[in-house]
Amino acid sequence: MIKITFPDGAVREYAEGVTALDIAKSISEGLARKILAASVNGQVQDATKPIYHDASLKLLAWNDEGGKSTFWHSSAHLMAEAVESLFPGTKFWVGPPVDNGFYYDMDLGGKQITEDDLRKLESKMAELAKKNEVYVRKEVPKAEAVKYFQDKGDEYKLDLLQNLNDGEITFYTQGGFTDLCRGPHIPNTSFIKAIKLTNIAGAYWKGNEKNKMLTRIYGVTFPSQKELDEYLAMLEEAKKRDHRKLGKELSIYTMNDDIGAGLILWMPNGTVIIEELEKLAKETEQAGGYKRVVTPHIAKENLYHTSGHLPYYADSMFPPMEMDGEKYYLKAMNCPHHHKIFDAEPKSYRDMPYRLAEYGTCYRYEQSGELFGLMRVRCLHMNDAHIYCTKEQFAQEFKAVNDMYLKYFKIFGIDKYVMRLSLHDPEKLGQKYVNEPELWLETEELVRNVLKETGVPYVEVKGEGAFYGPKIDVQIWSAIGREFTLATNQVDFAQPRSFKLSFTNKDNEAETPLIIHRAPLGTHERFIGFLLEHYAGKFPVWLAPLQVKVLPISDKFMDYAQTVLQSLKNADIRCELDDRNEKIGKKIRDTELAKVPYMLVIGEKEMNENRISIRRQGKGDAGSKSLDEFIGEITAEIKSRKSE
RNA sequence: GCCACUUUAGCUCAGCUGGUAGAGCAACUGAUUUGUAAUCAGUAGGUCGUUGGUUCGAUUCCGACAAGUGGCUCCA
């Protein structure tokens with residue numbers, strides 16, 4: 001007999017070789033029907049795998065960590081089985097579970113797969129799932145495994161086998177499909193009740209763009225149709241929030257073939273938001289001791305050799321323009337320009353920290369396939385600043401920048417983000433990262449300490465640093481789930497040297513400063529894209545392109561409406577009058593859809609009593625007030641930059 | 001950049017297997033003068049992304065290019 005310890009601390013005895021599924025059955029049949037996998041001594045494994053020694057056990061169902069991923073992993077195998085039956089001869093690479101489902105990469109031997117094929121595959125999967133096929137695990141010696149895939153002519157699985165040794169190799173078979181797989185898997189296919197294959201995509205073999213492109217099919221499955229329906233409804237909701245859809249509906253921005261891909265045309269509504277954001281940034285930076293500067297959009301080639309950008313990032317800069325035998329580049333970053341301002345006059349320790357800020361326009365030649373609405377563009381306006389400081393000042397300055405982020409995030413009510421400490425990858429020193437191993441470690445530790453002091457949770461990721469130093473990135477997710485860096489706070493120990501920047505210290509010696517690059521509000525493009533989705537288009541009053549719409553009941557009250565409008569204008573409120581010959585219901589509907597925060601309804605009653613009736617977007621009738629009272633309140637709301 | 005798909009009126013979308021296009025909303029005009037999410041009627045609006053080819057004939061079939069979309073790669 002062996003002792004099994006349950007999560008609640010209870011210990012029960014079972015015969016050797018008992019499976020998690022047996023144990024579940026011994027508790028109740030109903031429980032057994034929900035068990036997808038088991039966590040044995042913290043290791044996720046098949047619920048059907050025998051247990052021979054005392055162990056702690058957690059039975060994993062759909063909502064447990066490890067349950068869902070096992071379910072989706074098994075679903076990937078089920079999909080592969082369906083693909084093999086409909087497209088014989090397909091060779092499979094890997095098919096892991098992901099955040100929202102699973103995929104499988106495959107080589108279809110030149111055949112193409114269409115949307116229609118996905119529907120056929122779904123049917124086939126459903127058919128196979130109903131057969132109640134059991135996932136059978138088998139340990140296989142390496143020689144046998146190699147022979148199996150050699151006979152099949154499957155170079156992909158043979159490649160996987162290269163890195164595996166005897167004792168590590170297992171095959172899983174369900175129905176007629178056998179795959180090299182570490183597992184674990186769900187007990188059988190009947191758990192999979194609802195199937196949706198979502199899209200077909202290309203994916204480079206092993207993620208290397210020099211390799212062959214495989215076909216990747218993404219899918220998602222659920223233990224019931226209801227859950228699939230809910231998931232699809234959620235996707236529909238997310239689409240409504242998509243900044244590309246809202247950006248068009250609310251006339252925020254547009255793009256045009258004659259202008260170029262990734263080049264945003266900000267319409268009047270979008271420009272209002274830009275100007276409000278800049279106002280906020282300027283106030284905040286003024287208070288933070290920054291000085292503002294303005295620099296040109298282009299610079300000569302040599303500047304970017306000095307900065308070190310050209311050898312590293314030439315590919316992502318627009319090609320140079322030649323003039324009088326000199327090459328000019330559109331700037332992809334503002335820092336070199338700022339360094340030249342720092343360097344224009346001698347600096348002493350008394351000038352430090354020296355903080356330069358600019359909403360700088362940058363141009364980056366992003367790959368065509370990378371462009372994405374406002375989130376990934378080729379012309380961007382960065383909330384940029386560079387802080388030149390001494391080593392002693394660094395921690396305090398870096399922390400002040402972090403505090404500035406948090407202050408901004410509070411204003412916008414941003415809470416769904418991840419702070420990422422982005423470090424270098426020692427293997428890529430000299431290629432992707434300046435070759436200063438000790439400086440990297442030293443500054444990474446400085447940044448880590450700042451983060452710890454701030455007490456903000458963060459994750460560390462190797463290989464995400466800038467080429468000139470480590471950084472803190474604020475990661476956010478777009479409505480459709482794509483991850484982006486919203487804001488960034490970076491250390492630079494490379495450029496101060498390459499630009500030979502220095503200040504005179506107390507001992508009258510030349511000393512090299514450290515630089516902090518920071519962009520708490522990221523770029524206008526990405527930030528407004530994010531805000532559109534964050535607010536679902538319903539901007540707080542201070543950001544709303546149109547703050548108040550005046551809605552007269554009929555033409556009879558147009559004169560009074562005009563005086564109301566004029567008073568609002570005099571109070572610097574962004575307002576318009578709906579003077580169309582429409583019924584009030586129609587005017588309200590259109591204004592609601594345009595997501596204007598306040599509507600002032602004006603009719604006979606209001607005119608006679610010299611008042612206005614207020615309707616708040618999304619909330620309906622909000623009673624009546626005197627106009628002065630309303631103006632006082634909305635002005636305070638705007639000034640407070642309240643994010644409701 | 002790579003794989004795949006898409007591109008029809010200002011917007012959202014119809015248009016089967018080739019015979020030069022249609023709806024709703026928006027716009028404009030008229031009637032209506034209206035009380036908290038769509039008043040009615042009429043009018044106008046499209047070289048069917050661009051460009052080659054096949055064909056008697058191309059929005060429709062094929063190619064190239066551009067832009068967009070889903071991924072991959074990339075992302076200072």
Side-chain angles (χ1 to χ4, degrees), chain A residues 103 105 108 112-115 198-218 242 244-245 248-249 251 254-263 304 307-310 312-313 315-317 331-336 362 364-373 375-376 382 384 422 432-433 464-469 471 473 480-485 488 490 492 494-495 517 519 526 551-558 580-593 599-606 613-622:
Chain A
Y103 66 80
D105 283 351
L108 287 153
Q112 275 188 8
I113 215 157
T114 64
E115 286 285 328
T198 46
N199 53 52
I200 314 161
Y204 297 110
W205 184 41
K206 297 186 180 182
N208 185 332
E209 62 182 324
K210 294 195 173 64
N211 285 346
K212 182 168 182 175
M213 174 127 332
L214 302 176
T215 302
R216 173 174 296 181
I217 303 178
Y218 280 91
D242 193 313
R244 293 166 297 184
K245 185 172 158 67
K248 183 179 267 184
E249 285 171 0
S251 304
T254 188
M255 291 194 257
N256 184 284
D257 281 5
D258 290 337
I259 306 288
L263 302 173
Y304 300 109
S307 70
H309 284 99
L310 261 186
Y312 288 96
Y313 294 105
D315 283 354
S316 43
M317 292 176 76
K331 69 175 173 185
M333 67 299 295
N334 305 302
C335 29
C362 299
R364 298 177 181 183
Y365 196 82
E366 303 287 359
Q367 297 186 65
S368 59
E370 276 312 318
L371 302 171
F372 175 70
M375 298 297 215
R376 196 79 183 271
M382 206 191 294
D384 212 357
S422 298
K432 207 179 160 187
Y433 302 106
E464 289 290 341
F467 80 88
Y468 45 62
K471 55 179 181 161
D473 294 320
I480 62 162
R482 213 174 288 180
E483 180 176 352
F484 288 97
T485 298
T488 186
Q490 315 179 340
D492 185 346
Q495 290 193 57
H517 304 241
R526 192 169 286 180
L551 309 178
I553 301 277
S554 84
D555 286 358
K556 286 192 238 160
F557 318 109
M558 205 58 85
R580 295 175 305 167
N581 184 358
E582 290 288 352
K583 292 171 88 168
I584 191 67
K586 170 73 166 166
K587 291 182 182 180
I588 285 172
R589 177 181 157 79
D590 288 347
T591 315
E592 285 278 349
L593 290 175
M599 285 156 259
L600 301 187
V601 176
I602 290 182
E604 186 157 21
K605 202 169 63 188
E606 287 75 14
S613 282
I614 300 162
R615 186 184 164 102
R616 194 74 164 78
Q617 201 275 343
K619 295 189 180 125
D621 199 332

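Values below: all heavy atoms of this structure, side chains included; hydrogens, waters and symmetry mates excluded. Sequence lines set the chain letters: A, B, ... in the order given, protein chains first and strands last, and positions in each chain run from 1.
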Has the side chain of [X] got a donor or acceptor atom sitting under 3.5 Å from an opposite partner on the base of [N]?
X      : N     : answer
A/Y365 : B/G1  : no
A/E606 : B/G35 : yes
A/R216 : B/C72 : no

- Query: Which nucleotide sits closest to the side chain of A/S613: B/G35, B/A26, B/C72?
  - Reply: B/G35

- Message: Measuring from the side chain of A/L593 (C-beta onward, heavy atoms only), which nucleotide among B/G1, B/A37, B/A76 has the closest atom?
- Response: B/A37

- Task: Could you check A/D621 against A/G369 and say which one's nearest nucleotide on RNA chain B is further toward the 5' end?
- Result: A/G369

- On RNA chain B, nearest-nucleotide positions of A/G262 versus A/G465: which is more 5'? A/G262

- Query: With sequence neighbours excluded, what pairs up with A/E592 under the side chain to side chain contact (heavy atoms under 4.5 Å, CB included) test?
  - Reply: A/I588, A/M599, A/R615, A/Q617

- Message: Tell me whether the rings of A/H309 and A/Y304 are parallel (<30°), tilted (30 to 60°) or perpendicular (>60°).
- Response: perpendicular

- Message: Looking at B/G68, I'd like to know if its phosphate oxygens (OP1 or OP2) sit under 4.0 Å from a side-chain N or O belonging to A/R376.
- Response: no

- Query: Where along nucleotides 43-51 of chain B does protein come under 4.0 Å, by heavy atom, of base (B) or sugar-phosphate alone (S), with - for untouched nucleotides?
  - Reply: ---------

- For the pair A/R364 (side chain) and A/A332 (backbone), establish whether a donor and an acceptor sit closer than 3.5 Å, ignoring hydrogens and angles. yes

- Are any side-chain N or O atoms of A/T198 and backbone N or O atoms of A/Y218, one a donor and one an acceptor, separated by less than 3.5 Å? yes

- Task: Find the runs of at least 3 consecutive base pairs, i with j, i+1 with j-1 and so on, that include RNA chain B, using Watson-Crick or G-U wobble geometry with both distances under 3.5 Å.
- Result: B:1-7 with B:66-72, B:10-13 with B:22-25, B:27-31 with B:39-43, B:49-53 with B:61-65

- Query: Heavy atoms under 4.0 Å, any strand shown: does A/G481 hit a base, just sugar-phosphate, or nothing?
  - Reply: nothing

- Determine if A/Y313 stacks with B/A76; use a centre-to-centre distance below 5.5 Å and an interplanar angle below 30° as the criteria. yes

